[in-house]
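All heavy atoms count here, side chains included; hydrogens, waters and symmetry mates do not.
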Amino acid sequence: MHHDHAQNKVDWCLKKAQKELKKSEKHRGLVKKQPDINTAKEHIRKAEHYLKASIYLKKQNFSDISTSTLFYSMYHCLLAIAVKFGYESRNQECTFALIKNL
């Protein structure tokens with residue numbers, strides 16, 4: 001993802017969330033908030049949980065299933081980074097663009 005493309009995607013995600021929050025309490029984009037270390041730590045705990053599940057699944061010969069738990073382990077690390085920088089993401093593409101842009 002080219003830097004300009006990542007910035008454009010982040011801008012689009014921020015606007016998407018603004019529009020959606022006018023209609024309901026839920027959004028599927030990015031919202032700028034105060035950095036929140038406690039929420040970041042919660043995401044790291046979830047990442048560790050998914051990592052432990054991945055290791056368990058692999059030991060039990062379910063490595064095909066462990067790919068999804070490994071993905072969510074890594075994804076929660078990205079969400080922790082996002083919230084540390086003051087963003088709430090509810091969209092994977094938006095999260096990836098944000099991380100690329102940071």
Side-chain angles (χ1 to χ4, degrees):
M1 195 181 288
H2 188 266
H3 176 72
D4 291 337
H5 179 72
Q7 180 59 58
N8 291 342
K9 184 71 176 183
V10 168
D11 293 342
W12 180 86
C13 292
L14 289 164
K15 287 176 189 153
K16 175 179 169 55
Q18 274 182 336
K19 269 191 249 170
E20 290 169 351
L21 287 171
K22 286 178 185 170
K23 295 175 187 168
S24 75
E25 293 179 17
K26 291 275 186 197
H27 72 85
R28 304 297 302 157
L30 277 178
V31 173
K32 188 79 175 110
K33 295 188 161 194
Q34 286 290 86
D36 184 348
I37 294 302
N38 289 329
T39 302
K41 287 177 182 176
E42 286 173 29
H43 283 299
I44 295 300
R45 278 192 287 277
K46 271 191 177 173
E48 289 171 342
H49 176 75
Y50 279 114
L51 182 59
K52 286 177 189 169
S54 302
I55 293 165
Y56 175 80
L57 287 167
K58 186 163 177 12
K59 284 180 183 171
Q60 299 301 319
N61 293 316
F62 288 100
S63 58
D64 58 326
I65 296 168
S66 72
T67 54
S68 64
T69 52
L70 279 172
F71 170 83
Y72 282 108
S73 178
M74 292 183 282
Y75 187 66
H76 276 282
C77 290
L78 298 181
L79 290 175
I81 294 166
V83 79
K84 182 181 183 289
F85 281 92
Y87 290 91
E88 175 189 74
S89 180
R90 293 198 180 154
N91 179 309
Q92 290 179 3
E93 270 189 76
C94 294
T95 304
F96 299 139
L98 176 67
I99 296 299
K100 173 82 174 151
N101 207 46
L102 290 174

Kindly indicate whether the side chain of S89, heavy atoms from C-beta on, has any atom under 4.5 Å from the side chain of Y75.
-> yes
Are I65 and Y72 linked, directly or through other ILVMFWY residues, by side chains that come within less than 4.5 angstrom of each other?
-> no
Minimum heavy-atom distance L98-A82, with the two atoms named | CD2-CB, 3.6 Å
For the residue pair T39 and E88, establish whether any side-chain heavy-atom pair is separated by less than 4.5 Å.
-> no
Would W12 end up clustered with F96 when hydrophobic side chains under 4.5 Å apart are linked, directly or stepwise?
-> no
Spacing of OH belonging to Y56 relative to NZ belonging to K52, to within rounding of 0.5 Å = 14.5 Å
Just by distance, do the side chain of S54 and the backbone of L70 share a donor-acceptor pair under 3.5 Å?
-> yes
What's the spacing between H43 NE2 and I81 CD1 if we round to 0.5 Å?
-> 11.0 Å
Under a 4.5 Å cut-off applied to non-hydrogen side-chain atoms, are I44 and H76 in contact?
-> no
In one Ile/Leu/Val/Met/Phe/Trp/Tyr side-chain cluster, 4.5 Å: M74, I99 = no
Quick one: does D36's side chain have a donor or acceptor within less than 3.5 Å of a partner on V83's backbone?
-> no
To the nearest 0.5 Å, how far apart are NE2 in H5 and CG in N101?
-> 11.0 Å
Would you mind reporting whether T95 and L79 have side-chain heavy atoms less than 4.5 Å apart?
-> yes
Pick from K22, H27, K26: which one makes a side-chain contact (heavy atoms from CB on, under 4.5 Å) with S24?
-> K26
Is atom CZ of F71 surrounded by more than 12 heavy atoms (other residues, nucleotides or ligands) closer than 6.0 Å?
-> yes
Does a donor on one side chain sit under 3.5 Å from an acceptor on the other, for D11 and Q7?
-> yes
Gap between atom OG of S73 and atom NZ of K46 - 0.5 Å precision | 12.5 Å
Distance col, row C77:SG vs L51:CG, nearest 0.5 angstrom, shows 8.5 Å
Distance col, row R28:CZ vs Q92:CD, nearest 0.5 angstrom, shows 9.0 Å
Looking only at heavy atoms, which two atoms of E20 and G29 are closest? And how far apart?
-> OE1-N, 4.2 Å
Could you tell me whether the side chain of E42 reaches within less than 4.5 Å of the side chain of R45, counting heavy atoms only?
-> yes
Does a sphere of radius 6.0 Å around NZ in K16 hold more than 12 heavy atoms from other residues, nucleotides or ligands, not counting ones at 6.0 Å or beyond?
-> yes
Give the C-alpha distance, both sets of side-chain angles, the deciding distance and a yes or no for salt bridge (Lys or Arg N to Asp or Glu O under 4.0 Å) between E93 and K9.
-> CA-CA 8 Å; E93 270 189 76; K9 184 71 176 183; 2.9 Å; yes
Would Y87 and K32 count as a side-chain contact (heavy atoms from CB on, under 4.5 Å) if you check the C-alpha gap in whole Å, the side-chain angles of each, and the deciding distance to 0.1 Å?
-> CA-CA 5 Å; Y87 290 91; K32 188 79 175 110; 3.5 Å; yes
